[in-house]
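Right, one structure below, let's go through it.
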Protein chains: 2
Amino acid sequence: MYFHIFVEMNWEKKHITIHDIARELKISASTVSRALNNNPRISAATRDMVQKLAAAHGYQPNVMASSLRKGRGNTVGVIVPNINRSFFSNIIGGIEEKLSGAGFNLMICQSNESLDKEKEALQTLMHARVDGIMMSLSMETQDYAHLEKLLNRGIRMVFFDRVPDTLAVDGVVIDDHAAAFRITTALIEKGYRHPAHVGGSGKINVYRQRKSGYLDALKSSGSQVIASHITETDMTRQGGRKAFREIMQSDPRPDAFICAGDLAAHGVLLEALKNHFRVPEDIAVSGFANEEFTPHITPPLTSVDQKGLEMGRQAASLFLEQEATNDGSRIVIEPEVLFRLSTQKEITLRTE
Amino acid sequence: MYFHIFVEMNWEKKHITIHDIARELKISASTVSRALNNNPRISAATRDMVQKLAAAHGYQPNVMASSLRKGRGNTVGVIVPNINRSFFSNIIGGIEEKLSGAGFNLMICQSNESLDKEKEALQTLMHARVDGIMMSLSMETQDYAHLEKLLNRGIRMVFFDRVPDTLAVDGVVIDDHAAAFRITTALIEKGYRHPAHVGGSGKINVYRQRKSGYLDALKSSGSQVIASHITETDMTRQGGRKAFREIMQSDPRPDAFICAGDLAAHGVLLEALKNHFRVPEDIAVSGFANEEFTPHITPPLTSVDQKGLEMGRQAASLFLEQEATNDGSRIVIEPEVLFRLSTQKEITLRTE
DNA sequence: CTGAAAGCGCTTACAG
DNA sequence: CTGAAAGCGCTTACAG
């Protein structure tokens with residue numbers, strides 16, 4: 001009786017190995033290993049026999065052992081600025097979807113927009129012997145020496161959204177320029193005369209793209225570029241409020257704010273309302289990223305769907321297809337502009 | 001020359017092992033291993049010598065090898081309903097902070113509030129041979145058989161926020177009852193006569209607690225409990241809108257809505273405004289979870305800070321202290337109610 | 001098609 | 001205080 005219980009507990013606790021299966025089937029562990037891995041040199045009969053017994057015992061390969069032996073762990077590291085922004089968590093969802101199908105696990109790190117934390121995360125991931133790294137740069141990351149070092153060591157890397165522009169690395173981005181261009185053009189067509197631009201740091205590629213999309217739209221519609229209508233800010237609500245106050249000093253005053261981020265756009269919006277401007281009648285506001293809150297504020301905020309899920313999937317595919325070298329291929333995804341009430345000039349007049 | 005280059009490349013590519021260090025120092029690999037792990041039986045002199053050389057070479061232990069040998073991987077699995085809710089991402093932040101200090105890595109999975117995905121995640125984590133699991137139940141999880149199985153196998157588990165109430169497991173929760181009690185009491189004191197309650201599924205512990213906090217507050221303030229003022233909904237904006245319409249049918253009408261979630265509260269708020277009620281003058285609305293958007297909508301929404309970071313830290317500490325068995329200890333954290341404009345009755349009268 | 005053997009890099013009784 | 005040896009569970013040339 002006691003013995004029985006003891007055996008049962010062992011059943012529960014002890015993991016079954018290929019040797020257990022081999023012994024039971026009176027074949028070698030090598031054969032079991034091959035059968036389990038669908039090695040073509042194994043007869044169909046033994047393969048099926050092995051796989052059946054393995055399934056019956058609920059055999060699970062010890063990933064540490066196989067990783068150690070194979071020299072790679074089937075894990076990929078992911079670094080995002082922040083996990084709780086819907087854009088990035090969607091990307092992670094897309095990556096996970098593709099990669100877990102291919103048998104990879106994810107190790108997720110946050111840089112919190114800090115270069116030091118980014119380096120730290122890289123450190124951790126290399127330490128964990130990941131098979132590759134998928135990441136988006138932190139805002140602070142201007143210099144790519146730490147990334148080059150890894151690339152030179154032959155580490156597989158794929159970047160998404162925020163890509164080191166001077167490095168020939170694989171990456172997937174959205175067409176930021178097109179999104180900003182489309183918004184700006186649309187607002188001009190709706191009758192807004194002087195769209196302003198609240199951008200992010202010019203050191204960051206995506207923000208440069210958004211700004212140049214805005215500028216090109218002004219030019220191609222024959223509008224004047226007014227220097228005092230263009231500013232840079234950190235992408236916070238506070239930054240947006242400040243940007244609004246500053247830009248509204250200028251003459252002529254703008255009647256639209258194309259913002260490179262949703263938080264800044266929301267700041268602009270709140271400050272505009274606070275100063276008794278009507279949105280969208282007097283002033284239009286648009287953001288970027290389609291954060292969860294954007295459709296639910298008053299008025300709902302025009303923004304850009306950056307296709308995070310899609311981006312994650314594509315980045316993962318790129319990673320899977322990637323050969324030993326990064327050859328600098330770029331996938332560009334079309335963003336979708338979501339026009340909402342905050343840019344809908346004179347809607348009441350429409351019904352006439 | 002060529003040879004030199006070859007050597008250099010090897011330097012970059014090949015990971016250095018304890019044997020390399022042993023050879024260079026003319027000692028055994030055992031000693032190197034012990035020195036690196038600060039084994040007290042090693043002389044200070046050799047320890048320092050080894051550690052110095054290891055540092056100089058940038059030695060990094062192969063975690064797969066040590067995991068395989070030790071039979072555990074220094075990884076803990078984390079399952080949350082959803083990674084992009086600020087509450088849960090804060091919890092993850094707290095867990096990471098404590099656990100990475102103790103040398104653990106995190107494997108993060110999302111259940112998406114689905115029991116099936118929760119089981120799948122558990123499967124994945126066991127497969128990866130994690131040393132333990134920290135999790136919050138999915139909304140769908142009513143039956144705990146899958147968890148009991150793991151517990152019986154001796155898997156270390158710590159739960160946070162949504163804890164299986166019939167199992168004697170370690171967990172950390174907030175005092176949901178107290179938060180709901182405090183809000184309800186405060187609203188009654190502010191002059192709201194008939195607070196209604198928009199709750200979540202009664203099958204879930206946290207929602208039961210919030211409801212009973214509401215009920216107890218009514219009782220202790222001598223208010224009447226009106227059955228038609230109490231409803232259950234999924235915690236979406238749509239659910240909140242529907243709940244508002246339903247409850248407003250009843251007689252007497254409520255003049256306040258204590259909601260068990262922020263999205264539902266926002267739905268209530270939007271529907272109230274749409275129907276030309278003034279918030280907070282005619283109707284007060286409060287939420288739960290202090291989601292990012294709550295301070296920024298109009299009017300700002302009273303909500304409850306669930307102390308995610310703190311909860312994550314405490315859960316991680318519990319995990320680290322935990323002996324082989326789950327003994328069912330519960331840590332209860334005090335939430336903080338953040339009163340905002342949405343529950344601020346007759347603020348204009350205040351100034352008289 | 002199958003097996004015996006070596007080895008991935010570490011840790012840890014065992015011995016001294 | 002240190003070393004030789006075994007072994008964690010797998011994979012994979014090598015041999016047949």
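Sequence lines set the chain letters: A, B, ... in the order given, protein chains first and strands last, and positions in each chain run from 1.
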Residue pairs passing the salt bridge (Lys or Arg N to Asp or Glu O under 4.0 Å) test with at least one member in residues 120-140 of chain B, sequence neighbours excluded, are none
Just by distance, do the side chain of B:S136 and the backbone of B:F160 share a donor-acceptor pair under 3.5 Å? yes
N/O donor-acceptor pairs under 3.5 Å from side chains in residues 33-42 of chain B, not counting sequence neighbours:
from	atom 1	to	atom 2	distance (Å)
B:N37	ND2	B:S33	O	2.8
B:N38	OD1	B:Q51	NE2	2.9
B:N39	OD1	B:R41	N	2.9

Across all chains, not counting sequence neighbours, the salt bridge (charged side-chain N to carboxylate O under 4.0 Å, His left out) partners of B:D116 are none
Please list every donor-acceptor pair under 3.5 Å in which a side-chain atom of residues 70-82 of chain B meets a protein atom from a residue at least two apart or in another chain.
from	atom 1	to	atom 2	distance (Å)
B:T75	OG1	B:G73	O	3.2

For D:dT12 and D:dG16, measure between their C1' atoms and round to the nearest Å.
16 Å
Can you tell me, in whole Å, how much space there is between the P of D:dC14 and that of D:dC10?
24 Å
Under a 4.0 Å heavy-atom cutoff, the residues of residues 49-56 of chain A touching DNA chain C are none
Got B:M311 and B:F87 here, is their nearest side-chain heavy-atom distance under 4.5 Å? yes
What protein N or O atoms touch nucleotides 1-3 of chain D N or O atoms at under 3.5 angstrom, if any, and at what distances?
from	atom 1	to	atom 2	distance (Å)
D:dT2	OP1	B:T46	OG1	3.4
D:dT2	OP2	B:S43	N	3.2
D:dT2	OP2	B:T46	OG1	2.8
D:dT2	O4	B:R41	NH2	3.2
D:dG3	OP2	B:S28	N	3.1
D:dG3	OP2	B:S28	OG	3.1
D:dG3	OP2	B:T31	OG1	2.5
D:dG3	N7	B:R34	NH1	3.3
D:dG3	O6	B:R34	NH2	2.6

Sorted by chain and residue number, the side chain to side chain contact (heavy atoms under 4.5 Å, CB included) partners of A:H146 (sequence neighbours excluded) come out as A:L115, A:E118, A:K119, A:L122, A:T141
By side-chain hydrogen bond (donor to acceptor under 3.5 Å, both in side chains), A:S100 pairs with (sequence neighbours left out) none
- Look at the side-chain N and O atoms of A:Y59 and state whether any lies under 4.0 Å from the OP1 or OP2 oxygen of D:dG9. no
Applying side-chain hydrogen bond (donor to acceptor under 3.5 Å, both in side chains) to B:T46 and not counting sequence neighbours gives B:S43
Pairs under 3.5 Å (Watson-Crick or G-U), crossing ones as [ ], inter-strand ones as |: DNA chain D comes out as |||.||||||||.|||
Checklist entry - Counting any heavy atom closer than 4.0 Å, what does A:S66 reach on the DNA or RNA strands: base, sugar-phosphate only, or nothing? => result sugar-phosphate
Separation of D:dG9 atom P from A:L68 atom CG, nearest Å, is 12 Å
Residues 81-97 of chain B vs salt bridge (Lys or Arg N to Asp or Glu O under 4.0 Å), sequence neighbours excluded, gives B:R85-B:E113, B:E97-B:R313
Sorted by chain and number, sequence neighbours left out, side chain to side chain contact (heavy atoms under 4.5 Å, CB included) with A:H127 holds for B:Q60, B:P61, B:V63
